[in-house]
Structure formats: C-alpha cells, structure tokens
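Here is the structure we will look at, set down as structure tokens.
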There are 2 protein chains.
Amino acid sequence: MAALPAPETSSSTRFESVLEAVRAAILAGEFEPGKRLHEIKLTTLLGVSRTPVRAALQKLASEGLLDYTPNRGYTLREFSMDEVISAYEVRAVLEGLAARLSAERGLNVGEIGTLQQALRDGDDLLRNGHITDEHRSEYSRINACFHVTIHASAGSRLLNDMVYLCQQVPVSSPRNVVAFEEVDVRRRHEDHHRIFEAIVGREPWRAEMLMRDHVASVKSSLIRSLASPAAVQAATKTARRLRR
Amino acid sequence: MAALPAPETSSSTRFESVLEAVRAAILAGEFEPGKRLHEIKLTTLLGVSRTPVRAALQKLASEGLLDYTPNRGYTLREFSMDEVISAYEVRAVLEGLAARLSAERGLNVGEIGTLQQALRDGDDLLRNGHITDEHRSEYSRINACFHVTIHASAGSRLLNDMVYLCQQVPVSSPRNVVAFEEVDVRRRHEDHHRIFEAIVGREPWRAEMLMRDHVASVKSSLIRSLASPAAVQAATKTARRLRR
DNA sequence: GTCAAAGATAATGTATACATTTTGTGCTTG
DNA sequence: CAAGCACAAAATGTATACATTATCTTTGAC
C-alpha cells in the first residue's frame with residue numbers, strides 16, 4: 001500500500017486531517033473493498049495515535065463508506081452498480097423535493113441573484129462552439145453552485161444532509177467518469193433555465209418534476225456509458241467522483 | 001437533571017449501552033435544546049470513561065440529534081416544527097421511491113407472504129367496531145412491518161439508511177402524539193391494500209404516488225392536530241415518537 | 001463603572017497503557 | 001488426514017494521563 005499523504009494539511013484537529021486523508025485514500029483506491037481497515041496500520045501510516053483514527057473511521061462509517069461490526073472493526077464497503085444507480089434515484093427524488101420546497105417557500109433576492117449569475121456564467125461558457133476540458137471543469141463549478149443554492153433555499157437541513165450522503169457514494173467502476181457529450185452539457189444547462197423559471201414562478205409541482213428528471217438524466221447517461229464502453233472517456237485520477 | 005438509567009442493559013460494548021442511554025435521555029427530554037452535553041458529566045452519570053461517551057456522542061451527531069463543533073463539543077439540536085414537517089416531506093418521497101423500486105424489481109415470495117400477513121392482521125384488528133389503545137399499539141407494529149418489508153424489497157441500503165434518519169427526527173412539540181382518529185387508521189390501512197396491489201401488479205408509478213400520499217397524510221394529520229390543539233390527545237411518555 | 005487583558009479553570013483533543021475479544025497457529029486426538 | 005481444542009498473537013474496547021483549546025474570573029487601566 002502506498003504511503004498516505006501527511007495529515008498536517010490545514011485542519012485544526014488531527015481527527016479532521018485523518019478523516020480527509022483516509023477518505024482520499026479510499027477514493028483513490030488504496031484499500032480493497034471488503035477488506036478491513038486496521039486502526040494500528042493507519043496510525044503508523046499517518047503518524048497519529050489510535051484516538052483520532054477511530055473517530056475518523058466512525059465518521060466514515062456514518063457516511064456509508066465503511067461497515068462497522070463491534071469488536072471486529074471497520075471494513076471497506078463495496079458498491080455494486082445497482083447501489084450506485086439507486087443512489088442517483090434517491091438523489092433525484094431528494095433534489096426534486098428541494099426544488100418543490102424552494103418553489104413553495106420562494107427565493108430571496110440573494111438566492112435569485114446567485115442563480116441568475118450561475119445561469120449567465122453557463123450561457124457565456126457555452127456560447128462558443130466547442131467546449132474543452134477546462135470548460136467542463138468550470139461548468140462543474142457553476143453547476144454545483146446552482147444546485148447547492150436550491151438545496152439551501154429548501155430550508156431543510158435533513159434534506160441537505162441526505163443529498164450530501166448521496167454524493168458520498170463512490171463509483172465502483174474502474175473507469176468512473178461519465179462521458180459528458182457536449183450536447184448533454186447544453187441540454188442540462190437548458191434544464192437549469194427551466195428549473196429556475198419554475199421556482200421563481202412558484203410552480204412547485206413543475207419544479208419538482210423538472211429537477212427530478214434533470215438529476216435522473218445523469219443516471220441514464222451513466223447506464224448508457226456503461227453499456228457501451230467505447231463511449232467512456234479516459235478516466236483521470238483527479239475526477240473520481242461523478243458530478244451530475 | 002435526573003439520573004440516567006444504568007447502561008448495563010444487554011449490549012456487548014459499553015459504547016452501545018451509552019448510546020442507547022443517552023439517546024433515551026435526549027428523547028425523554030432530560031437535556032435542554034441548544035445546551036451542551038459535557039462528556040465528563042455523562043461519564044459520572046453513566047459510570048464509564050470518556051472513550052465510549054465520545055463515541056456515542058459522535059454517533060448521535062451523525063444521526064442528526066446533536067451538533068458538533070471542534071474543540072467545543074456537542075450540543076443538543078432543537079427541531080423547529082418546520083423541520084419536523086419537512087422530515088415527513090423527505091420521508092414521503094423516500095418511501096415513495098422505495099415503493100416504486102419495489103414494484104420495478106418485483107417482490108419475492110417471502111415478501112409477498114409477509115405483506116399479505118400484515119394486511120390480514122390489520123383486517124382482523126379493524127374488523128371490530130371500536131379500537132382501543134392496545135389496538136393502536138398493535139396496529140403500529142403491523143404498520144411498521146408493512147413499511148419495513150417494502151423498504152427492504154427496494155434493495156437500496158442508502159434508501160433504508162435515509163428512512164431511518166427521518167425516523168430519528170424527534171418531535172419538538174410538548175404534546176407530540178398525533179391524534180389518530182379511528183377513521184384515519186382505517187383509511188391508512190386501506191392505503192396499504194392499494195399499495196400492495198400496485199407493487200404486486202408491477203405498477204411502479206402508481207405505487208410511488210400512493211405511498212407518497214400515504215406518508216404525506218401523516219404530515220397533514222400533524223399539521224391539523226397542531227392547528228386545533230383540542231384535537232390533540234393526551235400525550236403519554238411511552239409514545240414520544242410519531243408513527244406514520 | 002466599563003472594557004480589556006491576563007491568568008485560572010474547565011472542557012475537549014490526543015496519546016498510551018491495559019482489558020477484552022477475536023483470530024491465527026499448532027498441537028493433539030479420533 | 002481431518003477435526004477440534006489450546007494457546008499465542010493481534011486487533012479492538014476501555015480507562016486514564018497529559019496537551020491543547022475554550023471559557024470564566026479577576027484584575028487593572030482608562
């Protein structure tokens with residue numbers, strides 16, 4: 001097993017450093033699914049005592065990355081493709097609910113501004129004919145901003161936490177980057193415009209259905225790309241997690 | 001603050017005993033919302049060291065009952081009525097999704113048998129004219145069995161975990177038992193029949209809508225009973241949590 | 001009298017020793 | 001040779017001492 005990065009990043013407590021280090025190691029594939037993560041091995045790897053290691057493992061278990069059995073420690077969960085797909089199903093209904101609640105409550109001026117800015121930024125980015133990898137990366141940021149703002153405007157912490165949990169589900173496939181065709185990006189950006197319109201127009205049901213289908217379309221892309229491996233782009237180490 | 005029950009219940013590790021003891025104390029209202037839960041006070045109350053106490057507090061925080069801030073410990077969350085209501089919204093869409101996935105996958109013979117038994121037991125219970133408190137308690141068990149079976153048949157652990165999280169949201173109101181009129185119980189049992197029919201008949205969309213409305217109706221009951229306090233039954237210490 | 005800074009107090013963060021449980025190894029036994 | 005028991009090794013569970021951080025109190029200056 002390769003040495004883990006030093007935990008002294010920028011966090012205040014060792015627990016947080018260890019948490020991020022172990023999480024990164026898991027997502028980087030440093031551990032085998034189903035295998036145990038021994039506390040002592042991690043302490044020697046990270047140069048800290050068992051106390052923060054135990055806390056970090058417990059947190060990762062609560063996020064769903066590890067399984068815990070009393071007196072037997074933690075094992076790395078393995079995620080089947082079914083579980084990854086159903087994570088998108090869950091996320092679709094949750095984000096749909098967030099859009100509905102947001103439309104019911106109404107957006108405040110700050111949220112409207114943020115969403116409009118995200119829409120404008122996306123428009124500018126997609127104005128040019130061809131989109132490069134930098135464009136994709138930038139759009140990913142814009143996209144996240146758009147969705148996070150809607151989650152927050154729903155006003156439910158439970159809902160926020162659950163969307164976060166969905167995003168913690170790793171993709172088990174070795175080539176785990178969904179192939180985003182340019183046409184897909186453009187279509188999803190159009191979705192954003194309509195979703196914003198529905199929320200601002202206080203149309204809860206329409207907002208929910210649009211958002212649900214918007215998120216579910218990523219699931220469809222995932223299934224399509226897995227069915228035809230030729231369409232799968234080369235996976236990079238830096239993009240291990242699916243964005244919508 | 002009253003003394004907590006002794007932790008030596010029947011669990012193997014002290015961590016689990018402490019977890020249940022503190023959880024019970026929280027739900028019994030032994031702590032004030034927004035106030036800190038000091039580790040040392042809990043150690044003296046429970047007669048264990050800080051190690052299992054810390055682990056239990058961390059778990060409770062991951063379940064959403066406590067807030068954690070580094071170097072500042074844990075505080076008891078307070079749940080507004082809005083949060084309680086949106087917890088039911090979340091649960092409605094999640095259980096709706098579970099019913100849809102169940103209808104898509106199809107039930108196995110064991111699941112069909114369990115559900116049919118739950119439906120028959122409910123029929124028998126509601127055959128008599130008037131229902132007593134024991135009937136309500138027994139129906140609660142039957143109801144839980146029905147729902148749990150459907151969650152399991154959906155085949156998504158993430159979904160299961162999230163429904164569990166919804167159920168962990170405590171009700172902040174001092175009178176926290178929803179008034180279940182007899183007519184409500186009968187209507188919900190009828191819902192169960194139709195939901196079962198939709199799942200067995202492999203009608204995913206219908207199953208989802210029926211289940212969603214079924215769970216959402218509890219939210220409506222909650223709002224109704226809060227709007228007219230006269231309709232709120234006397235709350236008992238033994239029924240601190242809302243059942244659907 | 002109010003505010004601020006410094007010290008005292010108390011809480012959480014961490015390391016480590018010890019207890020308990022699991023797990024692996026090798027021996028015995030049928 | 002296989003099965004099972006006993007012991008040994010290692011891992012997790014727990015307690016506790018110490019380190020670090022937050023909080024409270026007191027003291028001083030303005």
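By convention in this document, chain letters (A, B, ...) are assigned in the order of the sequence lines, proteins followed by strands, and residues within each chain are numbered from 1.
Defined by atom type and a distance below 3.5 Å, a donor-acceptor pair is present between the side-chain atoms of A:Glu16 and A:Thr13.
For A:Asp67 and A:Arg36, the salt-bridge test fails: no basic side-chain N is under 4.0 Å from an acidic carboxylate O. A:Arg72 and A:Glu39 are not joined by a salt bridge, as no carboxylate oxygen comes within less than 4.0 angstrom of a charged side-chain nitrogen. Between A:Lys219 and A:Glu89, at least one side-chain N (NZ, or NE/NH1/NH2) sits under 4.0 Å from a carboxylate O, which counts as a salt bridge.
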Just by protein heavy atoms under 4.0 Å, how would nucleotides 9-18 of chain C read 5' to 3' in B, S and -?
--SBBBBBB-
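The neighbour count for A:Glu32 CD, taken as heavy atoms of other residues, nucleotides or ligands under 6.0 Å away, does not exceed 12.
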